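Written out below as structure tokens is the structure these notes cover.
Treat the numbers as computed from the prediction; the structure is a model and nothing was measured. In each ligand, atom 1 is the first atom listed, and ligand 1 is the first ligand listed.
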Amino acid sequence: MTTLFDSIQIGGLQLPNRAVLAPMTRVSAESDGLANELMRDYYTSFAQGEFGLLITEGTYTDEAFSQGYLNQPGLANEAQRDSWKPIVEAVHAEGSRMFAQLMHGGAQTQGNRFQQRTVGPSTVQPAGKQLSFYGGEGEYPVPDEMTEDEIQQVIAGFAHAARHAKDAGFDGVELHGANGYLLHEFISAEFNQRSDRWGGDIEGRLSLPLAVIEAVRREVGNDFIVGMRLSQGMVTDATLKWDGGVEGARTRFITLARAGLDFLHVTEGDASAPAFEEGGPSLSAIARECVDIPVIGNGSIATGEQANRLLEKGEMDMVAIGKAALANHDWPLRVRNDEDMTRFNFEMFIPMATLSNEKAWRQDNQEPSSLN
Ligand SMILES: Cc1cc2nc3c(=O)[nH]c(=O)nc-3n(C[C@H](O)[C@H](O)[C@H](O)COP(=O)(O)O)c2cc1C
């Protein structure tokens, strides 16, 4: 029976266990997108807590439209690349592996220091209000429909950033195709209303993520790990479902995996809930059944029992932990030692989800701190 503490291989990379830190934006980089010491201490604490794999927060890929949040870190230039090196080194020294999540903000962009306007596949405005805990305010702007040149710039940006990730020492990259950001918007029937080769039916809507995978693969070679994160819901609309039901999901997973991915990362509000019909399979179970690369599952997994149950049932190969990891930077260690978990408290994000706020909140509340 598979458990959390069994090792696993992704591509040629051996991981010590199946506990993954989910990617989480913390808007705590320098204003020019450089990663800093506070981030190093933050990521190192999860490695010390025995997460076998850390996935970074969404990291922007170019100096055009990809930056989604002010104080988001980047991998768009050499200075940003170099700023990640001490972080990756410190995480490796603790025995964990680390992937960079590469992200283009698309229409959900709310803070970009290079551009005033936002872009997306079509002029579809995201619902709801910008996220105040990332410094946003008011409605999202209506994005401009991307031109062919701008699409080519996106593809080149992902490839370039993946090269920077490899040169910074990361073990792999995760392409962010989830949560409503640009690659997800291109896949989405709601957001992609294009009639050119980048839109139309599901095959057309997968064209941009496919082009990105191919360009990244060409840039980093076959030995570097490349995966993709996918979700149905978006930051701006958690209720969205993929068109095509289970079959549509299979088409997405199979087509993307075949393009050269080493893993898929599937996130839902509740990782164990049926993806479509009552009583049907979860989204990660659908993925796992139709591809032969490892599947990371994520969504409301808080305890070791939950994680082990999902692994034992074969719903996923690895579990990614988000909020429960913020509450317990040493989540895997606590599972192993059968220790109580601290409950996640959203107050650590008030007024913003920064690392310095987390640190101050921990001091004020005498919450055990794993941040130095
Ligand atoms: C503060 C915060 C920041 C997040 N930032 C990202 C991100 O940068 N990239 C991403 O793919 N998901 C991001 N997410 C989503 C998480 O990776 C995860 O999918 C979500 O929290 C659900 O998992 P959980 O129930 O284990 O927390 C973020 C979530 C939180 C709470």
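Pro23 O, 3.1 Å is the protein heavy atom nearest to atom 6 (C) of ligand 1. Residue, atom and distance of the protein heavy atom nearest to atom 5 (N) of ligand 1 are Thr25 N, 2.7 Å. When hydrogens are left out, the protein atom nearest atom 26 (O) of ligand 1 is Gly322 N, 2.8 Å; that is the closest non-hydrogen contact. For atom 31 (C) of ligand 1, the closest non-hydrogen atom on the protein side is Lys323 CG, 4.0 Å. Protein heavy atom closest to atom 12 (N) of ligand 1, with residue, atom name and distance, is Arg229 NH1, 2.9 Å. Closest to atom 20 (C) of ligand 1 among all protein heavy atoms lies Asn298 OD1, 4.0 Å. Regarding atom 25 (O) of ligand 1, its nearest protein heavy-atom neighbour is Ser300 N, 2.7 Å. What sits closest to atom 30 (C) of ligand 1 on the protein, heavy atoms only, is Met24 CG, 3.8 Å.
Salt bridge status for Glu219 with Arg163: present, with a side-chain N to carboxylate O gap under 4.0 Å. Using a cut-off of 4.0 Å between Lys/Arg side-chain N and Asp/Glu carboxylate O, Arg250 and Glu247 are scored as salt-bridged. Taking a cutoff of 4.0 Å between a charged side-chain nitrogen and a carboxylate oxygen, Arg309 and Glu305 do not qualify as a salt bridge.
The distance criterion of under 3.5 Å between nitrogen or oxygen atoms is not met by Ile301 with respect to ligand 1.
Looking at Phe133, Tyr134, Phe346 and measuring to atom 2 (C) of ligand 1, the nearest heavy atom belongs to Tyr134.
Tyr181 does not count as a contact of ligand 1, since none of its heavy atoms falls under 4.0 Å from the ligand. Residue Ala178 places every heavy atom at 4.0 Å or more from ligand 1.
Gln67 places no side-chain N or O within 3.5 Å of a backbone atom of Ala64 that could act as its donor or acceptor partner. When atom types are taken as modelled, the side chain of Gln130 and the backbone of Glu139 share a donor-acceptor pair closer than 3.5 angstrom. At distances below 3.5 Å, at least one donor-acceptor pair connects side-chain atoms of Asp171 with backbone N or O atoms of Met98. For Asn17 (side chain) and Ser7 (main-chain N/O), no donor-acceptor pair under 3.5 Å exists by modelled atom type.
The salt bridge (charged side-chain N to carboxylate O under 4.0 Å, His left out) check on Asp144 picks up Arg117, with sequence neighbours excluded.
Aromatic rings of Phe349 and Tyr134 (six-membered ring for Trp) have centroids beyond the 6.0 Å cut-off, not under it.
For ligand 1, the atoms closer than 4.0 angstrom to any heavy atom of Gln101 are 7 (C), 8 (O), 9 (N), 10 (C), 11 (O). Residue-ligand proximity, Phe349 to ligand 1, at heavy-atom distances under 4.0 Å covers atoms 1 (C). Residue-ligand proximity, Thr267 to ligand 1, at heavy-atom distances under 4.0 Å covers atoms 19 (O). Of all the atoms in ligand 1, the ones that sit under 4.0 Å from a non-hydrogen atom of Ala22 are 17 (O).
Counting only residues at least two apart or in different chains, ring-ring contact (aromatic ring centres under 6.0 Å, His included) contacts with residues 190-229 are absent.
By the criterion of a heavy-atom distance under 4.0 Å, neither the backbone nor the side chain of Leu326 is placed next to ligand 1. The residue Arg26 has no part lying near ligand 1, judged by heavy-atom distances below 4.0 Å.
Side-chain contact annotation: Gln80 with His164, donor-acceptor N/O pair under 3.5 Å absent.
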